[in-house]
Amino acid sequence: MTAPLPPAHFAGNPVRIARDLLGGTLVRSLPGHESLMGIIVELEAYDCPRDPACTAGRFHAARSADMAVPPGQWLFWTAHGHPLLQVACREEGVAASVLIRALQPTHGLSHMLNFRPVTRERDLSNGPAKLVYALGLDPARITGQPVNSPELHLLPPAAPLPDEQVQVTARIGIREGRNLPWRFTIRGNPWVSPATPSMDLTVNAEG
DNA sequence: ACTTCGATGCTCT
DNA sequence: GAGCATCGAAGTA
């Protein structure tokens with residue numbers, strides 16, 4: 001088993017970091033219980049101030065400050081009242097982050113279903129807020145903790161996924177910045193969120 | 001206190 | 001794939 005990624009790993013370009021994190025594992029430890037684990041099958045990068053989709057930089061000064069924490073810290077962006085799990089990137093004072101958008105559960109599935117009961121199992125964690133609920137994460141507790149915290153940490157993929165397995169598209173649910181290919185999903189993975197991107201740069205081998 | 005908006009989720013066609 | 005419920009956060013007053 002690989003070691004948890006240290007905070008220093010995130011002191012760089014969030015686009016590159018998101019790409020390389022695809023296929024990694026998110027581990028949520030529960031005292032006295034089996035850890036909840038899942039493969040990260042969908043990520044997005046946000047990178048103020050050059051990013052037109054990054055509302056933190058454009059007109060939410062206060063939220064920008066929440067996001068411009070030192071790299072390698074957990075943070076939550078809220079949209080429509082839902083918490084979205086992110087890791088701060090680049091350097092302190094810069095609002096840049098990687099957003100974890102979907103998870104393929106591998107361990108503790110029944111426990112996750114307890115946190116977030118769903119009729120169809122595939123709907124358990126195929127969205128950024130869904131996975132937060134499925135893991136039973138409390139933003140008040142997690143925010144500001146290092147990304148290699150025992151409570152919640154990341155394991156990198158054994159090896160970076162080959163390009164053929166990586167689907168690159170526009171990000172989901174944004175107005176500006178739809179031209180930027182900053183969403184990464186594992187091609188054909190059934191746990192990817194059902195949302196349809198406005199742009200898909202993927203070149204299919206079959207044409 | 002009130003208004004607006006959205007990095008969402010859910011429930012229908 | 002379209003429409004709506006929803007609610008936390010910012011901005012304005």
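Atom set for the values below is all heavy atoms of this structure, side chains included, hydrogens, waters and symmetry mates excluded. In what follows, chains carry the letters A, B, and so on, assigned in the order in which the sequence lines appear, proteins first and then strands, with residues in each chain numbered from 1.
- For the pair A:Glu42 CD and B:dT8 P, the computed distance is 10 Å after rounding to whole Å.
- The closest donor-acceptor contact from the side chain of A:Thr106 to the backbone of A:Met37 lies under 3.5 Å.
- Rounding to whole angstrom units, CD of residue A:Glu44 and C1' of B:dG6 are separated by 14 Å.
- With rounding to whole Å, A:Arg63 atom CZ is found 13 Å from B:dT4 atom C1'.
- Each of A:Pro128 and A:Arg175 was assigned the nucleotide of DNA chain B with the nearest heavy atom; the assignment lying further toward the 5' end belongs to A:Arg175.
- Put simply, NE2 on A:His82 is 9 Å from C1' on B:dC10, counting in whole angstrom units.
- Looking at heavy-atom distances under 4.0 Å, A:Arg183 makes no contact with the nucleic acid at all.
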Provide a list of protein-nucleic acid N or O atom pairs under 3.5 angstrom, restricted to nucleotides 11-13 of chain B.
none

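- Nucleic acid contact for A:Ile174: sugar-phosphate only, since backbone atoms but no base atoms lie under 4.0 Å from a heavy atom of the residue.
- Atom P of nucleotide B:dG9 and atom CG of A:Leu85 are separated by 13 Å, given to the nearest angstrom.
- The heavy-atom pair separating A:Ala195 from A:Ile172 by the smallest distance is CB-CG2, 3.5 Å.
- Checking side-chain atoms of A:Ser29 against main-chain N and O of A:Pro150 turns up a donor-acceptor pair under 3.5 Å.
- A:Arg187 contributes no side-chain N or O that, together with a main-chain N or O of A:Gln167, makes up a donor-acceptor pair within less than 3.5 Å.
- The OH atom of A:Tyr133 sits 11 Å away from the C1' atom of C:dG8 (whole-angstrom rounding).
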key: Derivation and outcome, salt bridge (Lys or Arg N to Asp or Glu O under 4.0 Å), residues A:Arg183 and A:Glu42   = CA-CA 7 Å; A:Arg183 173 172 175 259; A:Glu42 177 175 351; 2.9 Å; yes
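- Distances were taken from every side-chain heavy atom of A:Lys130 (C-beta onward) to each of B:dC10, B:dT8, C:dA9; the shortest belongs to B:dC10.
- Remark: ring of A:His80 stacked against base of B:dT8; centroid gap under 5.5 Å, plane tilt under 30°.
- Residue A:Arg120 contributes atom CZ, which lies 14 Å from atom P of B:dG9 at whole-angstrom precision.
- Dashed line: the shortest gap from a side-chain N or O of A:Arg116 to OP1 or OP2 of B:dG9 is not under 4.0 Å.
- Scanning both residues, A:Ser125 and A:Lys130, for their nearest heavy atoms gives CA-CB, 4.0 Å.
- With a 6.0 Å radius and a threshold of 12 heavy atoms from other residues, nucleotides or ligands, A:Arg50 has its CZ atom above the threshold.
- In this structure, the side chain of A:Arg28 engages the main chain of A:Leu135 through a donor-acceptor pair within 3.5 Å.
- Taking atom CD of residue A:Glu176 and atom P of nucleotide B:dG6, one finds them 9 Å apart after rounding to whole Å.
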request  = Taking Watson-Crick and G-U wobble pairs with both distances under 3.5 Å, convert DNA chain C into its dot-bracket string, 5' to 3', dots for unpaired and | for cross-strand pairs.
outcome  = |||||.||||||.
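- For A:Arg101 (side chain) and A:Arg171 (main-chain N/O), no donor-acceptor pair under 3.5 Å exists by modelled atom type.
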